[in-house]
Every structure is written in structure tokens, then in C-alpha cells.
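Report on the structure given below.
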Amino acid sequence: LRHIKRLYGIGGLSYGNLSARKDENRFWMSASGVDKSQLETPGRDILLVSGYDAEARRIVLSVPPGIEPRRVSVDAIEHWRIYREHPDVDAILHIHAWVEGVPATEVNFPCGTEELAASVAALLAAEPDPAQAIIGLRNHGITATGASLEEILDRITPRLQLQVPMT
């Protein structure tokens, strides 16, 4: 919350998303639309993503008994693909802001599509250190990778532009 307040000058955040790797195959991710300063209940507010069912084109969640999960973020496919293809990435932050001079998708892909996920993963693979990178999502924002969410915020904050350029 301290970092979100520092970054945005606000007390809560309901857009964008964040995730952190749990193990080789799973990661925790903020649920869609939840205030990021109010991630209180595992399985409801922060979700354990355990896979992707390509045939059904849906994210697979592990949910504790007795918990009604919120909807998973449409960007979960992007996070899943990044973690799968880049094992050194331990955390991902997606925000609706910009960093000048970073590689960016050439197409304004719709959020939550396999095409956007593939484009971001390919751009990460071309970076000198995919585990410490920032990728622009054309007309949308950025996805940043790092060792932790705190490390990502500390690294990107000095370069952050709150207005996403529309091209």
C-alpha cells in the first residue's frame, strides 16, 4: 500500500494487476476489480493460478474449500505465459501508465488474448534480462517483471509517466 500511495498518490487501486510466483507451476494473482490495498482473503481477493486449459481457453484456479473466488483477471493468460517461458521471473506488475523508451507491442491487442500474451512473452525473450524488464502494451500500459513487487516498483517509479501515449 505504501508503494501504491507513493506511485499514484491514492489509497486504493482497482485497475491493473499484480502477481508473484509461488512455485514452478503456480502463481498468486490479484483478482479482477479488487482494490489492491484490500487483498485480504486468499482464494477470493488473491487467486492461486495453477494452469491454463488451452482447449477450453481458460485459466485454472486452485480455490480453498468454502471460498467463493472473485473473477480472475483477463491478464492472467499473459502472466501465466511469462512465468512458464521465463523461469527467472518471480513477480509481475501490470499498470496503466507508461515508461518511455521501452520495447512495446506493435499491435493494440485486446486484453486477455493469447496474441497479447505471446507478443509480450516474445518481447521479454528479446530483452537482455527478461527477469528485470519493462514491456509496453500499445495504447494500454506496461507489464514489468522483477524479483518482487517491491523491487519492480522501486525500479520503475523514477521513470513512470502516468499518461499512456495513444498512437
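These numbers were taken from a predicted model, which means no experiment stands behind them.
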Backbone N/O of Glu68 and side chain of Arg44: donor-acceptor pair under 3.5 Å: no
Inter-residue atom distance Asn108.CG - Asn139.CG, 0.5 Å rounding: 4.5 Å
Leu153 backbone acceptor or donor facing Thr157 side chain under 3.5 Å: yes
Which residues satisfy the side-chain hydrogen bond (donor to acceptor under 3.5 Å, both in side chains) test with Thr113, sequence neighbours excluded? none
Over all atoms of both residues, closest heavy-atom pair of Arg58 and Tyr52: O-CD1, 3.3 Å
Are Leu123 and Trp98 joined in one hydrophobic group, where the rule is that I, L, V, M, F, W and Y side chains link up if heavy atoms are under 4.5 Å apart? no
Quick one, Leu18 and Leu39 - any side-chain contact, counting heavy atoms below 4.5 Å? yes
Return the minimal non-hydrogen interatomic distance between Glu85 and Ala121, and the atom names on each side. OE1-CB, 3.3 Å
Any sub-3.5 Å donor-acceptor pair from His96's side-chain atoms to Val164's backbone N or O? no
If Ile, Leu, Val, Met, Phe, Trp and Tyr residues are connected whenever their side-chain heavy atoms lie under 4.5 Å apart, and connections chain through other members, are Leu124 and Val99 in the same group? no
Under 4.5 Å between side-chain heavy atoms, hopping through other hydrophobics if needed: is there a path connecting Val34 to Val63? no
Hey, what do you get for CD (Glu78) to CD1 (Ile82), rounding to the nearest 0.5 Å? 4.5 Å
For residues 126-137, which side-chain N or O atoms pair as donor and acceptor with protein atoms under 3.5 Å away, sequence neighbours left out?
unit_1 : atom_1 : unit_2 : atom_2 : d
Asp129 : OD1    : Ala131 : N      : 3.2
Gln132 : OE1    : Arg155 : NE     : 3.4

List the atom of Tyr83, the atom of Ser19, and the distance in Å for their closest heavy-atom pair. OH-OG, 2.7 Å
To the nearest 0.5 Å, tell me how far Leu61 CG sits from Arg70 CZ. 14.0 Å
Tell me whether Glu106 at atom CD has more than 12 heavy atoms from other residues, nucleotides or ligands lying less than 6.0 Å away. no
Under 3.5 Å donor-acceptor, Ser30 side chain and Asn17 backbone: no
Do Ser62 and Ser50 have side-chain N/O donor and acceptor atoms under 3.5 Å apart? yes
I want to check something: taking the side chain as every heavy atom from C-beta on, are Asp75 and Thr143 in contact at a cut-off of under 4.5 Å? no
Heavy-atom side-chain contact between Leu47 and Ile59 under 4.5 Å: no
Can you classify the ring geometry of Phe27 versus His79 as parallel (below 30°), tilted (30 to 60°) or perpendicular (above 60°)? parallel
How close do Val74 and Cys111 get, counting heavy atoms only, and between which atoms? CG2-CB, 3.9 Å
Side-chain donor or acceptor of Asp23 paired with backbone N/O of Arg26 under 3.5 Å: yes
Measure from the ring center of His94 to the ring center of His140 and say whether it is less than 6.0 Å. yes
Heavy-atom closest pair, residues Pro42 and Pro64: O-CG, 4.1 Å
Applying a strict under-4.5 Å side-chain criterion to I, L, V, M, F, W and Y, I'd like to know whether Ile92 and Ile46 cluster together. no
Could you tell me whether Glu114 and Arg81 have a side-chain N and a carboxylate O separated by less than 4.0 Å? no
I'd like to know whether Leu116 forms a side-chain contact (heavy atoms from CB on, under 4.5 Å) with Ile77, so could you lay out the CA-CA distance, the side-chain angles of the two residues, the decisive distance to 0.1 Å, and finally the verdict. CA-CA 9 Å; Leu116 177 59; Ile77 180 67; over 6 Å; no
Would Leu160 and Val102 show up in the same hydrophobic cluster when neighbours are defined by side-chain heavy atoms closer than 4.5 Å? yes
Under the side-chain contact (heavy atoms from CB on, under 4.5 Å) rule, what do Thr145 and His86 come out as? Steps first, then yes or no, please. CA-CA 10 Å; Thr145 61; His86 303 285; over 6 Å; no
Are Arg138 and Val107 packed together at the side-chain level, in the sense that at least one heavy-atom pair is separated by less than 4.5 angstrom? no
Any donor and acceptor pair, going by atom type alone, linking the side chain of Arg21 with main-chain N or O of Val89 inside 3.5 Å? yes
